[in-house]
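Encoded as structure tokens, the structure appears first; notes follow it.
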Amino acid sequence: MRWTRALISTLRDDPQEAEIVSHKLMLRSALIRKLSGGLYTFLPLGLRALRKVERIVREEMNRAGALEILMPALQPSELWEQSGRLAAMGPTMFKLKDRAERLMALGPTHEEVVTDLITREINSYRQLPCTVYQVQTKFRDEIRPRFGLMRAKEFIMKDAYSFDTSLDAADRSYQAMYDAYVRIFQRCGLRAKAVEADTGDIGGKWSHEFMVMAEAGEDGIVECADCSYAANQERAERQLPPAAVTGATPAVQEVSTPGVRTMEQVAAFLKCPPTKLIKTLLYLADGKPVAALVPGDRDVNEHKLKRTLGAKRLELADEATIRQVTGAAVGFAGPVGLTIPIYADQALRGATACFTGANKDDTHLGNVDLARDAQVTEYLDLVIVGAGDTCPRCPGTLRVARGIEVGHVFKLGTKYSEAFQTKYLNEKGQAELMVMGCYGIGVTRTLQAVIEQSHDADGIIWPAAVAPYHVALLLLDPKDAAVTAVAEKLAAELEAIGVEVLLDDREERPGVKFKDADLIGLPFRVVVGAKGLAKGGVEIKARTSKEFQVVPAEQAAARIAELLAPAPQVAPPTGL
RNA sequence: CGGGGUGUAGCGCAGCCUGGUAGCGCGUCAGCCUUGGGCGCUGAAAGUCGAGGGUUCAAAUCCCUCCGCCCCGACCA
């Protein structure tokens, strides 16, 4: 491909709209252009890279035995009523009506459609196990689209769904997908890490997320310094330190604390460490008020609370509700005397001599013995685990890093097969529910993650497997017929052996071409210029290296193929 | 939705405070010069100053309303 025909207009300056490196580089190197918030056009260069990621995904899915299908993006809303997710997913779905006034949705995901499909298609254990997948555009009315392709309103996802006859069989399907994911991200040149994750609105009991470790990541990852434990901060657990043994606590005592509301203020006012304070937060779980208690120096992990309560919606209670439940203004809630369900973090088991809000304006309580003075409904794991906490698996210390979620695998169980009565007949002719799993990869996000993880000050550094082209062939003297002939011959030779070449035939100064070549970051740069030819040939340089080698023009194609060979050609998929 | 920021030529920005009818750099186009890391020179095209309303003889500039975009939180591939 000739640059002058390729619709590649690079930008010198960082566009003001972009914040993180990968987003800036995608715009500067003409991979994408923004149409509107969270909506992007792929330019030819970006589309080529995207297609390569998709190809890797397909090859590995096929290798793992999954069957490609394609489901509609436009879906009838009844399906969502059937699964009960209209409420949970509702606000993030783009909804519209057809001319018959029928409510439709642009699919944010496809569990409903696929379950409906399989319910009709599969009747017998002989057809199981079955895993299907698709590469489809998903639509989500994101609250806040962000960072280019990282969180968009329209994006491409590979989603796969497995159907099995038993939990054991489902585990095997899950493992097959897990292994495929490891290979996919490896082949994309990514350093990805699988971590234990929260299942969110998708549901199910167990899941792993595949995280690309990067500072710009949206997720906190908790990992153990000593063992292999790693989890999303939304789910991460900790081991509790042994409880301190304390003596009897004197009777509860009111303390006047005018205008003192936050934990910092209370601790300073009472001159006590925040660990001796009990933080009481009021939530509305599916509309019903509950209290969550955590140590004063801790924050509530709302994902954990929502999951353990089995709530569809969870939000902090508003001022009016707080006033109604506690009889006091915000900032003075406490467990003593509350009649709503009270959930306390397990670290508060046996908490004595603590301070809490008094459910009375401008007042706190001292000498609170939680077990003695309050009706705790249940002790649960409720806090956000962070750096310095103890690993739940070993005595090691936890640390926190950031990651980009590029894939997520779920063991769904029978949540959807129950809703859709997805049954098969077993060997004995009895109907049983299928056990499901679902598996997503954010394809467009993965592409951006590659750039986020692989770049330098000059531009992108494409891993060969997903690079838009393999070689940037810089023709430095396009007006010199002899030099041009050499470059064009080399380009033809390379293309003949399957090497993808971008020939920079623009009438630009060499400096411009070098800068642009670094920016778009193809794995190899080959320079053909009058000076170089006079000195013995063309120059071949890897994007990752400062050194170049001079090779006679006739030998260049063979040498480049040799250099390229180990990288892009990963073992081809097996299969029938 | 709450909090913060920002909208002036394709991109990056100045002008706004103190109203007088729009400018700089890059890019684009034509030409010269040059040709190994965004070179130099000459000339040209290109802007409803986010939108609407108001104040004024006069509004990019002052006032009101709305909208877009970006960042922080809830959402998630």
Side-chain angles (χ1 to χ4, degrees), chain A residues 9-20 23-24 27-28 30 33-39 57 88-93 108-110 135-160 181 197-202 207 209-212 217-219 232 234 302-303 306 313-316 318 404-410 438-449 458 474-480 483 507-519 525 527-535 539 541 546 548:
Chain A
S9 38
T10 57
L11 307 176
R12 290 198 182 200
D13 301 312
D14 285 336
Q16 198 254 300
E17 73 188 58
E19 189 71 15
I20 64 173
H23 189 195
K24 289 178 183 172
L27 291 165
R28 287 191 54 205
R33 291 288 181 250
K34 185 174 74 178
L35 172 64
S36 159
L39 300 174
V57 168
M89 271 293 209
T92 59
M93 287 204 288
T109 173
H110 282 74
V135 178
Q136 210 351 343
T137 299
K138 308 285 187 184
F139 299 85
R140 293 188 187 170
D141 194 353
E142 288 291 342
I143 301 167
R144 181 152 86 88
R146 234 197 299 219
F147 301 150
L149 268 30
M150 210 68 113
R151 175 173 300 280
K153 287 184 173 168
E154 180 183 325
F155 62 99
I156 295 173
M157 176 154 109
K158 184 287 302 175
D159 46 326
Y181 276 33
D198 189 61
T199 54
D201 285 331
I202 302 280
S207 79
E209 286 168 335
F210 285 79
M211 292 288 181
V212 170
E218 293 186 288
D219 290 275
N232 192 306
E234 292 171 353
E302 295 183 2
H303 296 95
K306 186 174 173 185
R313 293 189 57 196
L314 181 77
E315 59 210 339
L316 268 173
D318 55 288
I404 300 165
E405 182 189 354
V406 288
H408 201 158
V409 293
F410 297 83
C438 76
Y439 318 92
I441 289 180
V443 178
T444 37
R445 180 185 285 182
T446 297
L447 182 67
Q448 182 162 355
D458 295 314
L474 310 196
L475 168 56
L476 295 192
D477 305 281
K479 283 181 175 165
D480 183 321
V483 178
E507 288 190 15
E508 287 288 352
R509 295 176 55 85
V512 173
K513 299 191 178 193
F514 290 134
K515 285 287 184 190
D516 273 343
D518 288 343
L519 178 62
R525 187 189 82 187
V527 177
V528 180
K531 277 193 187 169
L533 290 178
K535 274 192 271 179
E539 290 159 23
K541 175 183 132 10
K546 285 197 169 18
F548 60 82

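Just so we're on the same page: letters track the sequence lines, and every chain starts at 1.
A:Glu507 places its CD atom 16 Å from the P atom of B:rC39, with the value rounded to the nearest Å. The CD-P distance, from A:Glu209 to B:rC75, rounds to 12 Å in whole Å.
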N/O contacts under 3.5 Å, protein versus nucleotides 67-69 of chain B?
| from | atom 1 | to | atom 2 | distance (Å) |
| --- | --- | --- | --- | --- |
| B:rC69 | OP1 | A:Ser36 | OG | 3.2 |
| B:rC69 | OP1 | A:Gly37 | N | 2.9 |
| B:rC69 | O3' | A:Lys34 | NZ | 2.9 |

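The side-chain contact (heavy atoms from CB on, under 4.5 Å) test applied to A:Glu234 returns A:Asp198, A:Asp219, A:Asn232, A:His303, not counting sequence neighbours. Taking A:Lys34 as the reference, A:Glu17, A:Tyr40 meet the side-chain contact (heavy atoms from CB on, under 4.5 Å) condition, with sequence neighbours excluded. Evaluation of the ring-ring contact (aromatic ring centres under 6.0 Å, His included) rule for A:His110 yields no partner, not counting sequence neighbours. Residues forming a side-chain contact (heavy atoms from CB on, under 4.5 Å) with A:Leu476 (at least two apart in sequence, or on another chain): A:Leu474, A:Pro510, A:Lys513, A:Phe514, A:Val527.
Heavy-atom distances to RNA chain B give each of A:Lys479 and A:Thr10 a nearest nucleotide, and the one nearer the 5′ end belongs to A:Lys479. Heavy-atom nearest nucleotides on RNA chain B were determined for A:Glu19 and for A:Gly440, and the one closer to the 5' end corresponds to A:Glu19.
For A:Ile143, whose side chain is taken as the heavy atoms from C-beta onward, the closest listed nucleotide among B:rC75, B:rA77, B:rG38 is B:rC75.
A:Gln448 comes within contact range of no nucleotide atom at all, as no heavy-atom separation falls under 4.0 Å. A:Arg33 comes within 4.0 angstrom of nothing in the nucleic acid, heavy atoms only. Among the protein residues, A:Val406 comes within range of the sugar-phosphate backbone only, with heavy atoms under 4.0 Å from sugar or phosphate atoms but none that close to a base. Nucleic acid contact class of A:Met150 (heavy atoms, under 4.0 Å, all strands): base. A:Ala534 comes within contact range of no nucleotide atom at all, as no heavy-atom separation falls under 4.0 Å.
Residue-to-nucleotide contacts include a donor-acceptor pair under 3.5 Å from the side chain of A:Asp219 to the base of B:rC76.
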*What one-letter contact string describes nucleotides 24-30 of chain B from 5' to 3', where B marks a base within less than 4.0 Å of any protein heavy atom, S marks contact via sugar-phosphate atoms alone, and - marks no contact?*
-BSSS--
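Remark: A:His303 is not in phosphate contact with B:rA74, judged by side-chain N or O atoms under 4.0 Å from OP1 or OP2. Side-chain N/O atoms of A:Arg144 include one lying less than 4.0 angstrom from OP1 or OP2 on B:rC71. Phosphate proximity of B:rG36 to A:Lys531: present, with a side-chain N or O under 4.0 Å from OP1 or OP2.
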